[in-house]
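These notes concern the structure reproduced below.
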Amino acid sequence: MSPRKRYWLMKSEPDAFSIDDLQRVGTEPWNGVRNYQARNFMRDGMKVGDGVLFYHSNTAVPGIVGVASVASPAYPDETQFDRKSHYFDPKATREQPRWFLVDVKFERKLERTIPLEEIKQHADELGEAFPLVARGSRLSVFPVTAAQWKLLLSLE
DNA sequence: GCCAACGTTGGC
DNA sequence: GCCAACGTTGGC
């Protein structure tokens, strides 16, 4: 028996990488995450086949725009070793990588964006700790329960 | 573009 | 180990 699949939400700024970009390329290494908590979720929590809600942040109408899936086990983020990369980390080495990522695979675009504004109206059901509705939270990768997953997609 | 909230860095 | 300074996130 394979372990039950988990669910996640991952934020991306559409100017940098949008759901349309993911649809075009099919699968993409989720590079550039430089937050330890988000890294830990990818490195320690994600399994191939897990569900991902694709969220657009820092845009006119922030919200959930698509469904994706985890397409690889975690492995070191190559950009941490690249001196020319914006994501270069001088403290990371091949022997001791600091940043890990997974590949994310396109599944589908939602019929419409589920705006953050609407998600907030369900804060009671989602729970105060849900990072999209928790005040001040900036976490860009976090787990979603099966119940939250179902609720959020029911808004589509 | 503003700025509140947050995470990280580094001097001490 | 504290904490001020700094850089980043992301909604608005």
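First the proteins, then the strands, lettered A, B, ... as listed; each starts at 1.
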Ion pair check, Glu125(A) and Lys150(A), cut-off under 4.0 Å: no
Separation of dT8(B) C1' from Asn35(A) CG (nearest whole Å): 10 Å
Would you tabulate the nitrogen or oxygen pairs shorter than 3.5 Å linking the protein to nucleotides 10-12 of chain C?
{"from": "dG10(C)", "atom 1": "OP1", "to": "Lys11(A)", "atom 2": "NZ", "distance (Å)": "3.0"}
{"from": "dG10(C)", "atom 1": "OP1", "to": "Arg138(A)", "atom 2": "O", "distance (Å)": "2.5"}
{"from": "dG10(C)", "atom 1": "N7", "to": "Asn58(A)", "atom 2": "ND2", "distance (Å)": "3.3"}
{"from": "dG11(C)", "atom 1": "OP1", "to": "Tyr55(A)", "atom 2": "OH", "distance (Å)": "2.8"}
{"from": "dG11(C)", "atom 1": "OP2", "to": "Asn58(A)", "atom 2": "N", "distance (Å)": "3.0"}
{"from": "dC12(C)", "atom 1": "OP1", "to": "Lys120(A)", "atom 2": "NZ", "distance (Å)": "2.5"}

Of Phe41(A), Tyr7(A), Phe130(A), Trp8(A), the residue whose pairing with Phe142(A) passes ring pair (Phe, Tyr, Trp, His ring centres under 6.0 Å): Phe130(A)
Nucleotide dG1(B), atom P - distance to CG of Asp15(A) in whole Å: 13 Å
Interatomic distance where CZ belongs to Arg34(A) and P belongs to dT8(C) [whole Å]: 13 Å
Side-chain donor-acceptor contact under 3.5 Å, Ser69(A) with Glu107(A): yes
Sugar-phosphate, base or nothing in reach of Arg135(A), heavy atoms under 4.0 Å: sugar-phosphate
With sequence neighbours excluded, residues passing ring-ring contact (aromatic ring centres under 6.0 Å, His included) with Tyr55(A): none
d(CH2, Trp99(A); P, dG7(B)) in whole Å: 13 Å
Heavy-atom check, side chain of Leu153(A) versus side chain of Leu53(A), under 4.5 Å: yes
Sidechain N-carboxylate O distance under 4.0 Å for Lys47(A), Asp50(A): no
